[in-house]
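Just so it is clear, the structure is predicted and the values come from calculations on it, not from any experiment. Within every chain, numbering begins at 1; the chains are lettered A, B, ... in the order of the sequence lines, protein sequences first and strands thereafter.
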Amino acid sequence: MASNAENIDNLVGQSYEAGFYTDIEQEMLPPGLNEATIRFISAKKNEPEWLLEWRLKCYQQFLSMTEPVWANVTYPSIDLQTISYYAAPKRDEDRPKSLDEIDPKILETYEKLGIPLQEQKVLAGIAVDIVFDSVSVHTTFREKLAEVGVIFCSFSDAVREYPDLVRKYLGTVVPARDNYFSALNSAVFSDGSFVYIPKNTRCPMELSTYFRMNAENSGQFERTLIIADEGSYVSYLEGCTAPMRDENQLHAAVVELVTMDDAEIKYSTVQNWYPGDEDGKGGIYNFVTKRADCRGKRSKVSWTQVETGSAITWKYPSCILRGDYSIGEFYSVALTNNLQQADTGTKMVHLGKETKSTIISKGISAGKSENAYRGLVRVGGSAENARNYTQCDSLLLGDRSAAHTFPYIECKNPTAQIEHEASTSKISEDQLFYLRSRGIQQEDAINMIVNGFCKEVLKELPMEFAVEAQKLLGISLEGSVG
Amino acid sequence: MTDVLSELLPPCESRHSLAEPDWLHEKRQEAGQAVKKLGFPNSGIETWKYTSLHRLKKVDFRPAEIADSTADTTVMPKLEINNSKEKTVIFINGFFREDLGSYKNTVAGIKIEPLYNNSNMLEKNQECISSYSNDAFAALNLAGFSDGISIEVDDNAIISETIRLVFIGEHRDPLLRNIKNIIQLGQNAQLRLIEEYRSGFSDFGLTNVSTNIVLQEGARLNHHRLQNEAISSSQIAKIVASVEANASYNSDSIVLGGQLTRLEIDVALTGELATCRLNGLFSGSGEQHIDHHTTVRHQVGDTHSEELYRGILDDKSRGVFNGKVIVEKDAQKITAKQASNNLLLSRTAEIDTKPELQIYADDVKCAHGATIGQLDSAALFYLRSRGISEQKARALLIFAFAEEIIKTIPVDNLRSDLERRFIGHNQMSELKSEAL
């Protein structure tokens, strides 16, 4: 085992692959948060009056709230006045129409990240809405999607072109009052993605957005709204990497999903933001509110996430199972290393009859990291025959890592059936020995076991993503395990 | 109306006629200040999230006085206590009644005394008596405790007699009974203890009990705790146990009675091979509220714990279970198992369960499970197809669910007594003749 420990030390040193910084001119708002900031953002984006009013109302609510302290994470209190709330690539007036017009430096950034835009267009058939800092720079395949009536655009475009839809759904799933960070986001959100799938439409391709934070000191406040109308289906992918930086960056996104009768949304995330260095310096604070409202009968929302990045993750993708027979699923792999802290899980709120939810959560903690699953399963009095199955397993790699489980289970209906299982252990010596005796290197063996441990979740990811996720896990794992 | 917890603080002189040591007086004063500061725990405090004290706040409690211990003893025969085979120690309204119990200090190796008379024991346990951290009821207990039991078992003493502590509450005024118990087992000592709470049907009192348990190396305590008070009485209880190397603490908590019952068990495994087993069974009907909070702290390596709690909730009752397993840094080679199974029998009943794991070491095997459900329809159908009435089939299945816990109790007459009371509590008259 002594050599194991050495291995860990050696491998932990592996550095962050996606860490680099692109130096391009930015139009930035000086740091600070007040009503004028919000008015500036709104004006800059040519927003209608109602949206400005909504932002200001949310800001007022935000002012009355305090930062939550219940999560099992520690960090210095964030001074919101030191954050700049708006940054956009400079040439706003002459937005590029094709790839050739895009700043070569931006293209270079994507290349370093391994996102060959052209290749993706052709090979994967994915429409990519790239968010470079706050403003959507480039949208592809919009026309093709428009043929079937699918709207996939940046949030700002949606506000301009489909104000009625935005107004109807914005803030109805995650009200501003929901929590401190969602209120902040509602007041100052910069941009994000908007998706609308019309009735009885199966979205012809997987929709994907790559988020990338870049400008120094710019907290990023994404806002995503996806509406799946009756009988529709969409699979949405979200992935992110961030450049190496020493200063902590706050990211407080809000994602709202709405499904009507018989609609289904599959939302997959691979999150690999800069986690900070070995001493816990730098890294992203990822405080995200994601929620789905299954309004319609027989609707379904499936969250899949692979979380390997961020210094601190605070994230609970949830499902409100309002419609009868609706289904909520949550599949998660959360990996923490060094001094990373993760407090993540889900909420399944059963309101409708015959609603079902499944939670599979796999936590892996290495180094000195803390990894917590925090989940809520609530069955209301009206949720006849509600069913929940929860499994959360934790794998510990290294004797300084910590794994926690905080499941809240509340049941008010006697016909409900709820099962919860959790286990925490380290990698089995027997399994390791077996693989080693077959001539497999220690590192590969651990990798194999961990991949097996996460398989249940990884198989839920769309093909293109599964490959990336596996690669990511591999990098993070090889770098942390002996 | 007591909206303020500190209104429940007793005036100093009323507690007991005896003078108390200066340090205790001082600590009580401090605790009194803490009670004023802390006030009633509210739902904003994580450990009180699911338990509301609004009913208690409506009652005008009065701290029990020594005069209350002479309350009517005609209820005694009805409680069927002195027929029991065990050696009984009886408290009435929080005060020791030497004349009523069958235990006399003649058993070798064990000394049982009222805590208040035992200044030696008080002195020795100054530290644990004085600690209440931020727990308002523990502070209230320190500030106001009238009496309690002090049990000392000598090193290597194996006590074959089962000791049965019975705390009876009976008064027409709603009394606040603050009771403090200290139980200490010397090295390799063994004891079996039944701790029972009873109250008269017209009792509206609140029992606030705090128990400190210390098990020295190799000691073994089997602790069977029964909350059998009338459904008009309430209880808030805290057990803090420290288990040294090779020692083991086995606890059963059976809650049948009480309007509101809140029991906190906090066990620290402080030496290698220390083990603890916590079992619990609670059965609520009417508007009963039953709350269990358990914490098992694995402070060193090679310590083991097991926990199984079962809840049955009918009518408008509400059950709360929070089980926490903490494995501290460098505490390797740990096994910890925990399960919470719950049966909801009515549309208006509610269960809130939260099994928690907090692990700071890596070489561990920890698992927990929680289930909530109703009676298995296939099992019901099977019994019905054998010609058993629905009512009886239900009763059988509920009884079988509870039996999993009851059957682990190794004292024969206690077990059958519990079975009988469980059937009575759940009004399963169909089962009465056959089961016993």
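Between chain A and the options Ala349(B), Ala367(B), Ala370(B), the largest number of non-hydrogen pairs under 4.5 Å is found for Ala370(B). Looking only at heavy-atom pairs under 4.5 Å with chain A, the residue among Gly319(B), Ala336(B), Ala339(B), Gly369(B) that has the most is Gly369(B).
Only the backbone of Ala416(A) comes within contact range of chain B, with at least one heavy atom under 4.5 Å from a heavy atom of that chain. For chain A, the nearby part of Leu345(B) is the backbone; its heavy atoms alone come within less than 4.5 Å.
Across all non-hydrogen atoms, the minimal contact from Pro355(B) to Pro407(A) is O-CD, 2.6 Å. Between Cys411(A) and Leu344(B), the shortest heavy-atom contact is SG-CD1, 3.4 Å.
Other residues, nucleotides and ligands place more than 12 heavy atoms under 6.0 Å from the CD1 atom of Ile449(A).
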What would the table of donor-acceptor pairs between chain A and chain B look like if you include every N and O pair under 3.5 Å, whether backbone or side chain?
residue: Gly381(A); atom: O; partner: Arg347(B); partner atom: NH2; Å: 3.1
residue: Glu384(A); atom: OE2; partner: Arg347(B); partner atom: NH1; Å: 2.7
residue: Glu384(A); atom: OE2; partner: Arg347(B); partner atom: NH2; Å: 2.4
residue: Arg400(A); atom: NH1; partner: Asp330(B); partner atom: OD1; Å: 3.0
residue: Arg400(A); atom: NH2; partner: Asp330(B); partner atom: OD1; Å: 3.2
residue: Arg400(A); atom: NH2; partner: Asp330(B); partner atom: OD2; Å: 3.4
residue: Ala403(A); atom: N; partner: Ile359(B); partner atom: O; Å: 2.8
residue: Ala403(A); atom: O; partner: Ile359(B); partner atom: N; Å: 2.8
residue: His404(A); atom: ND1; partner: Ile359(B); partner atom: N; Å: 3.3
residue: Thr405(A); atom: N; partner: Leu357(B); partner atom: O; Å: 2.7
residue: Thr405(A); atom: O; partner: Leu357(B); partner atom: N; Å: 2.9
residue: Tyr408(A); atom: OH; partner: Glu46(B); partner atom: OE2; Å: 2.4
residue: Tyr408(A); atom: OH; partner: Lys354(B); partner atom: NZ; Å: 3.2
residue: Ile409(A); atom: N; partner: Thr353(B); partner atom: O; Å: 2.8
residue: Ile409(A); atom: O; partner: Thr353(B); partner atom: N; Å: 2.7
residue: Glu410(A); atom: OE2; partner: Tyr50(B); partner atom: OH; Å: 2.4
residue: Cys411(A); atom: N; partner: Ile351(B); partner atom: O; Å: 2.8
residue: Cys411(A); atom: O; partner: Ile351(B); partner atom: N; Å: 3.0
residue: Ile418(A); atom: N; partner: Ile372(B); partner atom: O; Å: 2.8
residue: Ile418(A); atom: O; partner: Ile372(B); partner atom: N; Å: 2.8
residue: His420(A); atom: N; partner: Ala370(B); partner atom: O; Å: 2.6
residue: His420(A); atom: O; partner: Ala370(B); partner atom: N; Å: 2.7
residue: His420(A); atom: NE2; partner: His368(B); partner atom: NE2; Å: 2.9
residue: Ala422(A); atom: N; partner: His368(B); partner atom: O; Å: 2.7
residue: Ala422(A); atom: O; partner: His368(B); partner atom: N; Å: 2.8
residue: Thr424(A); atom: N; partner: Cys366(B); partner atom: O; Å: 2.7
residue: Thr424(A); atom: O; partner: Cys366(B); partner atom: N; Å: 2.9

